[in-house]
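In listed order, ligands and their atoms are each counted from 1.
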Amino acid sequence: MRLYDTHMAPNPRRVRIFMDHKGIGGVEVVQVDINRGEHRLPAHKDRFGVAHVPALELDDGRVLTESRAICSYLEALHPEPNLMGHDAFERAEIEMWDRRAELMQLMPTAMWVRHAHLGLATLENVQVPQIAAQGEQGTRAAAAWFARRLDASSFVAGKRFTIADITLFCALDFARVVKFRAADEHPSIARWRDRLKSMAGFGG
Ligand SMILES: N[C@@H](CCC(=O)N[C@@H](CS)C(=O)NCC(=O)O)C(=O)O
């Protein structure tokens with residue numbers, strides 16, 4: 001298998017942490033330089049259907065994109081340690097929290113970073129300050145919302161570590177690029193982050 005990755009980008013990082021936590025080895029990691037537009041070249045876009053990372057290529061040539069879909073595939077191949085739920089309800093509940101982390105936290109944070117940080121200017125035709133401002137507002141509001149959740153719950157989806165923690169961690173860590181440190185503002189996020197830091201996959 002081959003994972004098309006961009007080291008600094010939050011979505012491929014979700015998959016890398018997921019793989020590390022499960023101890024999945026033997027996957028060739030190919031770096032794609034999205035700042036130089038490598039993901040928009042036909043070699044990438046035509047093969048995967050979208051100009052995005054991460055992308056997974058199986059040994060038989062079949063491909064997957066979308067971080068969560070790639071993780072679902074890997075979870076099916078490597079069920080333990082379980083990160084996506086055992087029974088019908090738990091699977092749906094973890095998906096709910098994972099999607100909340102992605103849509104409520106990662107999306108506005110990505111908009112903020114992409115429209116505010118000079119290093120990502122090449123990804124947007126024009127960086128729009130109003131979009132950055134909306135992204136900042138959404139990022140701060142979502143972090144406060146998740147902080148309340150983590151006041152009441154050890155992990156994002158409940159009592160145990162799951163894929164939803166990985167998604168929220170990658171989103172909040174990405175916000176550090178624009179100097180937003182959720183853990184400095186919310187003690188419950190700092191405590192949760194400390195719990196994650198000792199787990200496999202959270203080193204880099
Ligand atoms: N829904 C996709 C989002 C993938 C995505 O937006 N990846 C970013 C990097 S974190 C990317 O490839 N950006 C390139 C671009 O927007 O041109 C997923 O879950 O993997």
Side-chain angles (χ1 to χ4, degrees), residues 1-22 24 27 29-58 62-77 83-84 91 94-128 131-132 134-136 138-139 142 156-157 162-178 180 182 201-202 204:
M1 264 188 315
R2 223 177 255 150
L3 177 70
Y4 289 79
D5 175 37
T6 299
H7 197 71
M8 298 304 290
N11 281 299
R13 191 178 186 199
R14 292 164 66 189
V15 175
R16 288 201 315 274
I17 293 177
F18 191 91
M19 289 188 344
D20 283 352
H21 197 78
K22 281 183 175 282
I24 299 172
V27 177
V29 179
V30 179
Q31 288 302 315
V32 179
D33 189 339
I34 61 175
N35 278 333
R36 295 183 57 185
E38 285 179 4
H39 60 308
R40 293 181 178 150
L41 297 175
H44 186 97
K45 203 173 159 186
D46 291 354
R47 183 185 301 157
F48 298 112
V50 288
H52 281 159
V53 285
L56 189 74
E57 187 173 45
L58 309 191
R62 287 179 294 169
V63 297
L64 287 171
T65 66
E66 307 307 320
S67 307
R68 200 187 147 88
I70 293 172
C71 290
S72 296
Y73 177 71
L74 296 173
E75 174 100 343
L77 292 187
L83 292 176
M84 298 179 83
R91 274 197 293 275
I94 292 169
E95 179 172 353
M96 173 182 83
W97 282 106
D98 189 39
R99 290 177 63 79
R100 286 176 173 175
E102 180 173 26
L103 299 172
M104 292 169 61
Q105 188 72 71
L106 181 53
M107 287 293 281
T109 299
M111 287 301 109
W112 183 7
V113 177
R114 292 171 67 115
H115 284 273
H117 196 277
L118 280 180
L120 280 93
T122 52
L123 293 184
E124 298 294 337
N125 287 332
V126 183
Q127 286 184 309
V128 181
I131 298 180
Q134 275 176 10
E136 175 174 358
T139 296
V156 173
T162 69
I163 188 171
D165 296 287
I166 297 176
T167 302
L168 187 66
F169 178 89
C170 291
L172 292 177
D173 222 43
F174 194 46
R176 288 154 61 95
V177 169
V178 280
F180 175 64
F202 287 92

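- Here the side chain of Glu75 pairs a donor or acceptor atom with the backbone of Met84 at under 3.5 angstrom.
- Listed by chain and number, residues touching ligand 1 at under 4.0 Å (heavy atoms only) are Ala9, Pro10, Asn11, Pro12, Arg14, His39, Arg40, Ala51, His52, Val53, Pro54, Glu66, Ser67, Glu102, Arg114, Leu123.
- Shortest non-hydrogen contact noted between Leu83 and Thr162 is O-CB, 3.4 Å.
- Not a single donor-acceptor pair under 3.5 Å links the side chain of Glu57 to the backbone N or O of Leu3.
- With sequence neighbours excluded, no residue forms a side chain to side chain donor-acceptor pair (under 3.5 Å) with Glu38.
- Between the side chain of Asp165 and the backbone N or O of Val156, at least one donor-acceptor pair lies under 3.5 Å.
- Closest of all the heavy-atom pairs between Arg14 and Ile166 is O-CG2, 3.6 Å.
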